Protein chains: 2
Amino acid sequence: MDSKIFNLKAKLEVYKAMTNGGNFADCPVRDVIQGISGKWSSLLVMALAEKPYRFGELRRLVPDISQRMLTQTLYDLQRDGYVHREVFPTKPPSVEYSLTDLGRSMFAPLQMLVQWAELNHDAVRAARAAFDAAQA
Amino acid sequence: MDSKIFNLKAKLEVYKAMTNGGNFADCPVRDVIQGISGKWSSLLVMALAEKPYRFGELRRLVPDISQRMLTQTLYDLQRDGYVHREVFPTKPPSVEYSLTDLGRSMFAPLQMLVQWAELNHDAVRAARAAFDAAQA
DNA sequence: AAGTGGTGGTCTCAAAAAGAGACCAGCACT
DNA sequence: AGTGCTGGTCTCTTTTTGAGACCACCACTT
């Protein structure tokens, strides 16, 4: 493990950036992270990274999202510049959502996290089970 | 841009993993991601990546977290195996929180996201401002 | 002609999560 | 005897989320 190098790098670059010089409360990094750390945000970004989807397609793709949260999460993602919304004058009008360049560039590091999750979900589940067993 | 290669890779590895074969609802990756996508989780992990902290130190470090949410978020992070909690028999007893190996390994990809946020928060804020201006 | 279904939403109301702040025991120091 | 620090829990209020009804419009079926 190169944890020494890792920690040094973390301290010098990341910590300094996120603390905003000792101020955790109004930190721009926090502002950005919170925009994508919602319950559905990352999931929708991951879906749209594959290809553009229409509203109803997304709803069917993610069966346990409420229509209300789908609307709102897409709205928020659009507002932050990750998602582009385009209405086609078909009948009935269809609405297509796609990732912007900013969204695609954000998906790159997000993908790292997803890959980590893919590799380590067994460890997480094991930790969870062990913890629950110890509590009982 | 190598967006073609990027998308292919995304489709083959990430999308397949997260869809769990077409099923977005019970996907282990989602389970893991949701555990770290809470409002305070990533922030606390980032803080603890720098060095271990005691409860009160974390509270002062993140002034706008309520004591209740600090307790609960640390509990959840401990349950998922990211954080180690150790009580020292001082008077009064002090409690130290630190990242486990799993927590440190998760911080690596999280750091990528933080670095992206650091580089792109201007773009996000600009998009937000433009969107709000267009709505008005 | 009257139903049926698909489009992308909004509106209302209930449930869950988060925030605010009081309270607690134990010990050190004054 | 009072004050402060430790790491919390408990209760109450506010915010966020979820569940589901409802909407207009049009195509297609019956």
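For clarity, every value in this text was computed on a predicted model and none was experimentally measured. Chain letters run A, B, ... following the sequence lines, proteins first, then strands; residues in each count from 1.
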Just the table, please: protein N/O against nucleotides 2-10 of chain D N/O, every pair under 3.5 Å.
unit_1 : atom_1 : unit_2 : atom_2 : d
D/dG7  : OP1    : B/R54  : NE     : 3.4
D/dG7  : OP2    : B/G56  : N      : 3.1
D/dG8  : OP1    : B/R85  : NH2    : 2.2
D/dG8  : OP2    : B/R85  : NH2    : 3.4
D/dG8  : OP2    : B/Y97  : OH     : 2.8
D/dG8  : N7     : B/Q67  : NE2    : 2.2

By nearest-heavy-atom nucleotide on DNA chain D, the more 5' of A/K39 and A/K91 is A/K39
Across all chains, not counting sequence neighbours, the side-chain hydrogen bond (donor to acceptor under 3.5 Å, both in side chains) partners of A/W116 are A/N120, B/S105
For residues 81-89 of chain B, please give each side-chain donor-acceptor pair under 3.5 Å, one per line with the distance, not counting sequence neighbours.
unit_1 : atom_1 : unit_2 : atom_2 : d
B/R85  : NE     : B/Y97  : OH     : 3.1

From CE of B/M69 across to C1' of C/dA17 the rounded distance in Å is 7 Å
Let's go through B/R59 and B/D64 carefully: what are the C-alpha distance in whole Å and the side-chain angles of both, what is the deciding distance for salt bridge (charged side-chain N to carboxylate O under 4.0 Å, His left out) to 0.1 Å, and is it a yes or a no? CA-CA 8 Å; B/R59 183 160 39 109; B/D64 57 343; over 6 Å; no
Could you check how far CG of B/D64 sits from P of C/dG21, rounded to whole Å? 13 Å
By side-chain contact (heavy atoms from CB on, under 4.5 Å) - contacts of A/P52 (at least two apart): A/E96, A/S98
In whole Å, what is the span from the CG atom of A/L70 to the P atom of D/dA19? 14 Å
Tell me, please, which residues at least two apart from B/D122 pass salt bridge (Lys or Arg N to Asp or Glu O under 4.0 Å). none
Distance check needed: C/dA20 P versus B/I65 CD1, whole Å only. 11 Å
Expressed in angstrom and rounded to an integer, what is the separation of A/L74 atom CG from C/dG9 atom P? 8 Å
Send over the distance from A/Q78 CD to C/dG8 P, rounded to a whole Å. 15 Å
Should B/W40 be listed as having a side-chain N or O under 4.0 Å from OP1 or OP2 of C/dG19? yes
With sequence neighbours excluded, give me every salt bridge (charged side-chain N to carboxylate O under 4.0 Å, His left out) pair touching residues 65-80 of chain A. A/R79-B/D132, A/D80-B/R128
Interatomic distance where CD belongs to A/Q72 and C1' belongs to D/dT17 [whole Å]: 9 Å
